[in-house]
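What follows is a set of notes on a single structure, which appears directly below.
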Amino acid sequence: MNPVIERIITTLKELSLSRKIALGLLAMVLVAGFTTMFIWANKTEFKAAYSGLAKDDAALVVEKLKESNTPYRLTGDGTTIMVPETIVYDVRLSMARDGIPKGGGVGFEIFDKTEFGTTEFVQKINKNRAIQGELARTISAFDEVKTARVMIVLPKDSVFVEEVKKPSASILLELTADLDKEKVTAIAHLVASSIQDLTPKLVTIVDTAGRILFEGKSEEEQAKVNARNFADAQYKYKVRFEENLTRRIQTMLERIVGKDKAIVRVTSEMDFSKNDMNEEIYDPFERGGEFIRSRKNRAEKLTTTSDELPTPSSVNPIVGDEGLSGEQNNELVNKSDDTFNFEISKRVRETKKPMAVLARLSVAAVVDGRYEYKTDESGNRKKVYMPRSSEEMKQFEDIVIKAMGYNEERSDQVSMECFPFASIAEIEPAPAVTGLKMVQKEYGRTIANLLLVLLLFLFVIRPIIKTVKEIRTTVEQEALPGPDELALIEEEERELNFIEMDGKQQKEYLELMTGDQKESFITQMSTSERTSYLTNMSVNEKAKYYARKDLYKTVNILKGWISEAEEE
């Protein structure tokens, strides 16, 4: 076993029971703490992709998420589906591509599949269901609406105009928060505009708490609503006019006296009463003379005769008189008329009063003075306020009068004053935005991971490395030999000289070399090393050595040996 590990085990065994328990508890706390920090720093943030879903839609969404192996969580009794925050919009887009969620109910997809043999009655029912479903889905798009149900009553067609009835609609809303009146009215008009001949008066909206949110109003109630809306419009118009005039005057003064050194307030009185007038004016002398449009002449003439009376007629009536002598006189009457028709001029005038007429205007303006640095008797420089002169204030007042459109007939008022403003430096500055929240959101996880690694290194890895080094140093020191053993080892490890080696050691020493190294070593031997080398050689080795060293001499020796052997 490794001596370091043995040392650690021995040290742990030598500890007392209380220290062993404390060390174990410390180790457990460290492991639990670092595990918690690691899990917290690297946990996946889940965000609601859909909330308040119908059970059918929730089932379809979960099925699609399982098919794509996307992690998810169900909350809110299965009506809210949570997915990782980084893929929320991807999930919504992919679901929208498949037409999920459908929003509950049946929409126009009921007509996607055409079934042969469907009667006209069923087609009408399906159409009514489709319209109700689509309207319910549309209303559910409001954030405050959890679910919506729309019921539409379509009357039967009648051939008699007097018996024609208009459709009606009722809407049931399940709300997560109260709806504003404007949104409720918008829902009523949305439904009314989707059905032919349906008016908002025939729409009723209620919620699941039993409150009537919208119902058809009578003419008096509608008139009150219109009056209230008109009053709001009047107030907004007045405020907008005052703010516009205030901004125009203040920006002009600030360009002269400096930024934030002018304050302007405008108050207006407006007449919102309505006064429409229609006039028809007839003036025969408008053209500067008479103008005859038409003329008609008729003449009449009376003639007396005693002749035979003519035949009476409607044109020439005959009037007869009897004289005293009994004679009869006849009179013929002719008439003539002359009729003139003159043209009379006519002028039609329609005058409408605008929404508002400015009745009175009041403007109050305040400007800051000048500041000069003066040195007092102590030599300290101080900032001294210097009010503006009356000539300057008169010029400012004239500028304001021109800019506001002053009208003396309206009794307009202008007030121009000069006061010292509080210095910007004297006002306590607002705390600067450090962007910590942005940094925490963008780099919080990375910083947490780095801190986790740093703490792990400082409080766990570094102490363990230090302890292991100390144990290793102790073990190595204990394993070191004493002075006597060290001298013996040095004596054993001391490299022997070639002369001090015996024949076997010299042979092993030379065998460790290559051929070239061996030849070079033998060539470079000193006289004493060569003598020791030759002394420790065997007879055969010596013969080989001399044979390689001097081949001719060796041949002569061999010849001599052969000659001696033959002579014998």
Side-chain angles (χ1 to χ4, degrees), residues 48-58 76-77 79-81 92 96 99-110 125 127-155 164-240 272 274 355:
Y50 298 99
S51 59
L53 289 176
K55 293 183 178 180
D56 297 338
D57 290 335
D77 297 332
T79 59
T80 301
I81 299 178
R92 291 177 181 175
I100 301 173
K102 297 180 179 179
V106 180
F108 285 113
E109 66 272 6
I110 194 173
I125 292 177
K127 179 183 178 181
N128 196 18
R129 291 177 60 195
I131 295 174
Q132 293 178 166
E134 292 294 335
L135 289 174
R137 294 175 184 176
T138 305
I139 296 172
S140 299
F142 288 88
D143 295 334
E144 297 86 354
V145 179
K146 184 178 181 181
T147 58
R149 292 289 302 275
V150 179
M151 284 71 73
I152 299 174
V153 178
L154 298 175
V164 173
K165 295 182 180 180
K166 293 185 178 182
S168 60
S170 60
I171 304 170
L172 176 65
L173 302 179
E174 184 179 357
L175 303 176
T176 58
D178 291 338
L179 273 172
D180 298 335
K181 291 183 178 180
E182 292 79 4
K183 293 184 178 181
V184 175
T185 306
I187 292 174
H189 284 271
L190 174 67
V191 175
S193 302
S194 303
I195 308 299
Q196 184 178 2
D197 297 332
L198 179 61
T199 61
K201 294 182 180 180
L202 299 177
V203 177
T204 302
I205 303 176
V206 299
D207 63 358
T208 52
R211 297 178 299 175
I212 298 177
L213 304 180
F214 183 88
E215 60 179 341
K217 296 180 177 61
S218 61
E219 293 183 357
E220 295 181 358
E221 293 176 344
Q222 189 64 36
K224 292 180 180 179
V225 173
N226 294 336
R228 184 167 57 253
N229 295 336
F230 185 68
D232 294 339
Q234 292 176 350
Y235 175 75
K236 292 178 180 179
Y237 179 85
K238 181 176 179 293
V239 171
R240 188 165 56 249
F272 291 97
K274 292 184 177 180
M355 177 180 180

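In this text, all values refer to a predicted model and were calculated from it rather than measured experimentally.
Between Ala188 and Phe214, the closest heavy-atom pair is CB-CE2, 3.4 Å. Of all heavy-atom pairs between Leu213 and Val184, the closest is O-CG1, 3.5 Å. Counting all heavy atoms, side chain and backbone alike, Pro167 lies closest to Leu198 at O-CD1, 3.0 Å. Closest non-hydrogen pair, Ala192 versus Val203, comes out as CB-CG2, 4.3 Å.
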Under the side-chain contact (heavy atoms from CB on, under 4.5 Å) criterion, do Leu175 and Thr208 qualify, and how do the steps go?
CA-CA 8 Å; Leu175 303 176; Thr208 52; over 6 Å; no
side-chain contact (heavy atoms from CB on, under 4.5 Å), that's the test. Do Leu154 and Ile195 meet it? Break it down for me.
CA-CA 9 Å; Leu154 298 175; Ile195 308 299; 4.0 Å; yes
Would Val206 and Ile171 count as a side-chain contact (heavy atoms from CB on, under 4.5 Å) if you check the C-alpha gap in whole Å, the side-chain angles of each, and the deciding distance to 0.1 Å?
CA-CA 6 Å; Val206 299; Ile171 304 170; over 6 Å; no
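No option in Leu172, Ile187, Thr185 other than Ile187 meets the side-chain contact (heavy atoms from CB on, under 4.5 Å) test with Ile205.
More than 12 non-hydrogen atoms from other residues, nucleotides or ligands lie less than 6.0 angstrom from CZ of Phe230.
Qualifying side-chain hydrogen bond (donor to acceptor under 3.5 Å, both in side chains) partners for Lys183, counting only residues two or more places apart in sequence or in other chains: Glu144. With sequence neighbours left out, Ser168 forms a side-chain contact (heavy atoms from CB on, under 4.5 Å) with Val153, Leu202. Considering only residues two or more places apart in sequence or on other chains, Ser194 meets the side-chain contact (heavy atoms from CB on, under 4.5 Å) condition with Leu135.
Rounding to the nearest 0.5 angstrom, the gap separating the OG1 atom in Thr176 from the CZ atom in Phe142 is 12.5 Å.
Remark: side-chain polar atoms of Asp207 are paired, donor with acceptor, to backbone N or O of Gly210 under 3.5 angstrom. Remark: the backbone N or O of Ala136 is not paired with any side-chain donor or acceptor of Arg149 at under 3.5 angstrom. Without hydrogens or angle criteria, Gln132 side chain to Ile152 main chain gives a donor-acceptor distance under 3.5 Å.
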